[in-house]
> 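The structure follows.
Letters A, B, ... mirror the listed sequences (proteins, then strands); counts begin at 1.
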There are 2 protein chains.
Amino acid sequence: MSNFSIYDVSQKSGVSTATVSRVLNNSPRVSQKTREKVLQVMREMDYVPNAYAQGLIKNKTKTIGILYPDVANTYVTRTVFFVEKILKANHYFSLLSCTGYSFEEKKLRLKMMLGQKVDGVVLLSSSYTEADSEHNRYIVECAKKIPVICVNGHVEGPNIYNILCDDLDATYRAAKGLIRSQERGRIIYLYSRDTYSNKLKIQGFLKAMLENNIPVWADSIQMCGGDVEGALDRMFQDPNAKPIGAIMASGDTIAMKALKYMEKRKISVPEQVQIIGYNNVEWGQYTTPTLTSVDAQIEQISSTAVKTLLDVLNGREASQLTMYPGSIIKRESTRESFNVEEPNVI
Amino acid sequence: MSNFSIYDVSQKSGVSTATVSRVLNNSPRVSQKTREKVLQVMREMDYVPNAYAQGLIKNKTKTIGILYPDVANTYVTRTVFFVEKILKANHYFSLLSCTGYSFEEKKLRLKMMLGQKVDGVVLLSSSYTEADSEHNRYIVECAKKIPVICVNGHVEGPNIYNILCDDLDATYRAAKGLIRSQERGRIIYLYSRDTYSNKLKIQGFLKAMLENNIPVWADSIQMCGGDVEGALDRMFQDPNAKPIGAIMASGDTIAMKALKYMEKRKISVPEQVQIIGYNNVEWGQYTTPTLTSVDAQIEQISSTAVKTLLDVLNGREASQLTMYPGSIIKRESTRESFNVEEPNVI
DNA sequence: TTGTAAGCGTTATCAC
DNA sequence: GTGATAACGCTTACAA
């Protein structure tokens with residue numbers, strides 16, 4: 001029932017706890033004979049060292065905290081798993097914490113991670129990047145103690161490392177492609193919530209519109225939360241509205257809901273309305289028509305995030321900002337004539 | 001940079017560490033005045049207690065280990081997040097570990113969790129239930145130290161608690177519904193890999209077939225891994241094969257791939273072929289036609305799993321086996337005439 | 001190459 | 001109510 005300690009092992013193998021510890025830590029200062037004897041005893045007792053005692057003295061726990069806002073967001077959840085997988089491959093544990101979107105809760109959870117003595121922390125999602133940089137101070141404070149990795153967010157400060165997808169440029173290029181491929185009809189941008197990342201996407205959208213002298217109306221850019229039907233109803237049912245030729249979405253779920261909406265209203269995609277999603281989730285391949293989407297390079301970003309973290313933890317140099325271009329995956333919800341430029345490398 | 005300890009707090013507030021500890025643990029044996037002073041100092045210093053020191057002496061860490069096999073499986077990942085969310089709401093941390101499907105790796109990861117001194121462990125997925133019960137001994141051994149919760153698996157032993165969906169009965173009822181709703185054509189069962197849960201589903205499928213005197217051929221039940229196209233090609237391209245009237249899948253991804261296959265081959269669903277998935281993932285609503293699927297009650301099961309764990313940790317009674325009936329969600333990939341019976345409550 | 005002993009930050013058991 | 005002080009299981013000088 002009860003677990004064995006290093007003391008039990010030392011007793012049974014007739015050496016001191018110091019020697020057992022040396023064996024445990026692969027110290028060269030142990031004779032081959034002693035080492036084998038101790039290892040044998042450990043195996044017999046099925047001894048497992050207490051990570052809490054080790055963490056207490058070493059002040060390193062081989063554990064990384066992962067904060068994420070939401071279980072419903074596929075982009076976030078996929079990233080969590082990639083990060084955990086790569087961390088594990090590097091012999092780190094992952095301590096999870098779902099924080100929600102409330103500022104106070106995010107702050108509290110980060111503080112609790114500090115109590116858990118994690119060696120570093122990963123903030124997954126742009127929702128940890130507040131508009132008012134004063135509100136990011138709790139992150140800057142945290143970074144004084146342990147390295148902070150922002151995935152798809154951007155917080156400036158020492159010991160903070162940002163890895164993100166160039167959402168602005170990807171959205172810009174997608175919007176530009178849409179403009180070139182269609183003669184008429186408005187282009188609508190639908191997004192879920194006000195996050196740092198969505199703000200960038202909207203900027204990219206606007207940039208493409210303005211550069212091409214396309215007028216943008218108040219309802220051209222709409223926050224819809226989960227209610228995509230409602231937002232589309234308002235636009236498609238309005239008899240005075242200019243006809244709509246394309247819909248861009250900040251996420252694939254919104255785009256898929258739009259696809260279903262068109263199917264129900266017998267509006268053909270992509271002939272009458274083109275649709276583009278974001279994140280390139282697997283299920284975009286199974287809709288009818290299949291969904292054109294922006295691949296935000298989750299795997300690439302996750303692995304760079306972990307690599308950066310390990311570099312920092314091991315005292316190596318690391319870049320404080322790494323940006324990947326998004327890749328636009330062309331499928332059936334856009335026309336043949338829809339094409340995009342190469343990314344603007346920064 | 002460096003963190004404060006209980007000692008720093010005691011110095012600054014002019015009391016002993018014992019008193020600070022009492023304040024920390026809400027002991028009634030502290031005067032109101034002292035308590036407030038100490039709390040004030042803690043706030044000023046932004047003090048966070050070291051969970052490792054606490055865990056060392058208390059031998060409780062308020063941390064639960066979650067083992068899961070695979071990041072690609074939506075059922076698994078959704079459950080991870082539900083469980084973590086509920087654990088967090090109950091002030092527990094979640095330590096993740098993705099184990100893969102290799103037996104040795106599963107064993108190693110569980111052992112490492114023990115070293116992390118988790119208060120309990122959750123095994124997510126039936127893949128932790130080995131066919132040969134001798135191979136489950138490492139789980140039984142672990143349960144001598146901490147409670148083990150098997151989600152959608154079934155391991156017998158003291159201190160092991162199983163929470164699962166009645167996959168056998170759900171598949172049985174779905175298959176029976178299919179049989180009643182169609183005059184002719186074979187019913188095919190497609191599954192991904194040999195797991196405990198898939199074995200039960202196949203049993204349910206067979207039960208329905210045999211009870212209704214439907215012949216089952218060697219290729220009526222096929223393991224297809226990820227290659228659904230290949231499996232379907234073999235059956236649909238074979239000129240001698242009896243025509244196929246329905247496909248049941250062990251998971252929704254397989255079913256969605258089958259849906260796409262039919263679309264490409266211009267086989268109408270559900271008129272010519274009916275299709276049923278399993279797990280009821282969100283994206284089944286966005287395919288054309290929408291996907292009929294078995295809801296495996298992930299939320300319900302996750303919350304019962306955590307509730308059971310907390311009951312055990314708090315010395316309350318808990319049932320060693322909790323089974324929920326699956327609920328069949330009827331959508332467009334099955335015919336109007338497809339109907340299922342009420343679950344056989346056990 | 002090995003052992004002794006101090007100390008990591010807490011809590012718990014005593015006294016007072 | 002409060003304060004010493006001994007644990008908890010481990011690592012690491014320092015000695016031997």
Side-chain angles (χ1 to χ4, degrees), chain A residues 1-39 41-42 45-63 111-119 145, chain B residues 1-39 41-42 45-63 93 111-112 114-119 145:
Chain A
M1 201 67 179
S2 76
N3 266 327
F4 295 113
S5 78
I6 201 171
Y7 182 76
D8 301 310
V9 178
S10 84
Q11 289 285 297
K12 203 162 182 182
S13 41
V15 297
S16 73
T17 60
T19 302
V20 177
S21 174
R22 288 190 192 101
V23 172
L24 223 42
N25 293 282
N26 290 311
S27 157
R29 312 190 157 287
V30 190
S31 75
Q32 191 58 24
K33 208 176 134 196
T34 313
R35 171 176 322 245
E36 270 162 21
K37 186 173 58 188
V38 172
L39 284 173
V41 170
M42 283 180 176
M45 306 178 94
D46 207 25
Y47 166 74
V48 188
N50 184 327
Y52 274 66
Q54 292 180 316
L56 187 55
I57 190 164
K58 286 189 177 170
N59 213 25
K60 280 193 216 163
T61 59
K62 287 289 216 175
T63 302
K111 191 170 169 180
M112 291 182 71
M113 280 295 172
L114 257 22
Q116 293 296 323
K117 295 295 158 204
V118 292
D119 295 342
K145 296 177 180 159
Chain B
M1 198 71 176
S2 76
N3 266 326
F4 296 112
S5 77
I6 199 170
Y7 182 75
D8 301 310
V9 178
S10 83
Q11 290 285 296
K12 202 162 184 184
S13 43
V15 298
S16 72
T17 60
T19 301
V20 178
S21 175
R22 287 190 194 101
V23 172
L24 223 41
N25 293 281
N26 290 312
S27 157
R29 310 192 159 286
V30 190
S31 75
Q32 191 57 23
K33 207 176 136 198
T34 312
R35 168 171 325 232
E36 270 161 20
K37 186 173 57 189
V38 172
L39 285 173
V41 170
M42 284 181 177
M45 307 178 92
D46 206 26
Y47 165 76
V48 189
N50 184 325
Y52 274 66
Q54 293 179 315
L56 187 57
I57 190 161
K58 286 190 175 169
N59 212 25
K60 281 193 215 162
T61 60
K62 285 291 215 173
T63 302
F93 285 91
K111 191 171 170 180
M112 291 183 70
L114 257 22
Q116 293 297 118
K117 296 293 158 205
V118 293
D119 294 343
K145 296 176 181 160

> Within the structure shown, what part of the strands sits under 4.0 Å from A:N25 by heavy-atom distance: base, sugar-phosphate, or nothing?
sugar-phosphate
> Strictly below 4.0 Å: does A:T19 bring a side-chain N or O up to OP1 or OP2 of C:dT2?
no
> Check B:T63 against A:Q116 and note the closest heavy-atom contact, atom names and distance.
OG1-OE1, 4.4 Å
> Are the side chains of B:V23 and B:L39 in contact, using a 4.5 Å heavy-atom criterion?
yes
> Nearest whole angstrom, please: distance from the P of C:dT2 to the CG of A:L24.
16 Å
> Report yes if at least one side-chain N or O of B:S31 is closer than 4.0 Å to OP1 or OP2 of D:dT2; otherwise report no.
yes
> Tell me whether the side-chain N/O atoms of B:Y7 come closer than 4.0 Å to OP1 or OP2 in C:dG7.
no
> Could you tell me the separation between the CG atom of A:L56 and the P atom of D:dA7, rounded to a whole number of Å?
17 Å
> Does A:N50 put a side-chain nitrogen or oxygen below 4.0 Å from OP1 or OP2 of D:dC8?
no
> If I take atom CD1 in residue B:I57 and atom P in nucleotide C:dT10, what distance separates them, rounded to the nearest angstrom?
11 Å
> To the nearest Å, how far apart are A:K58 NZ and D:dT12 P?
6 Å
> On the side chain of B:R35, is there an atom forming a donor-acceptor pair with the base of D:dG1 - under 3.5 Å, no angle test?
no
> Is there side-chain contact between B:R22 and B:V38, with at least one heavy-atom pair below 4.5 Å?
no
> With a 4.0 Å limit, can you tell me whether B:Q54 has a side-chain N or O closer than that to the phosphate oxygens OP1/OP2 of C:dG9?
no
> Give the nucleotide from the list D:dG9, C:dT11, D:dA4 with an atom nearest to the side chain of A:A53.
D:dG9
> Heavy-atom nearest nucleotide on DNA chain C for B:V48 versus B:R22: which residue maps closer to 5'?
B:V48
> Can you tell which of A:D8, A:N3, A:I6 makes a side chain to side chain contact (heavy atoms under 4.5 Å, CB included) with A:Y47?
A:I6
> Can you measure A:D8 atom CG to D:dC8 atom P for me and round it to whole angstrom units?
11 Å
> Between A:A18 and A:R29, just flag the one whose closest nucleotide in DNA chain C comes earlier from the 5' side.
A:R29
> Quick one: closest heavy-atom pair of A:M112 and B:F93, and the distance?
CE-CZ, 3.7 Å
> Reckon A:S5 has a side-chain N or O less than 4.0 Å from the OP1 or OP2 of D:dG9?
no
> Assign B:V15 to base, sugar-phosphate, or nothing according to its heavy-atom contacts below 4.0 angstrom with the strands shown.
sugar-phosphate
> Nearest to the side chain of B:I6 - D:dC10, D:dT11, C:dT10?
C:dT10
> Between atom NZ in B:K62 and atom P in C:dT10, what is the gap in whole Å?
18 Å
> At their closest point, which heavy atom of A:N25 faces which heavy atom of A:K58, and how far apart are they?
OD1-NZ, 3.3 Å
> Determine: side-chain N/O of A:T17 to OP1/OP2 of C:dG3, distance under 4.0 Å, yes or no.
no
> In whole angstrom, give the distance that lies between atom CG of B:L114 and atom P of D:dG9.
15 Å
> Tell me: CZ of A:F4 to P of D:dC8, nearest whole Å?
16 Å
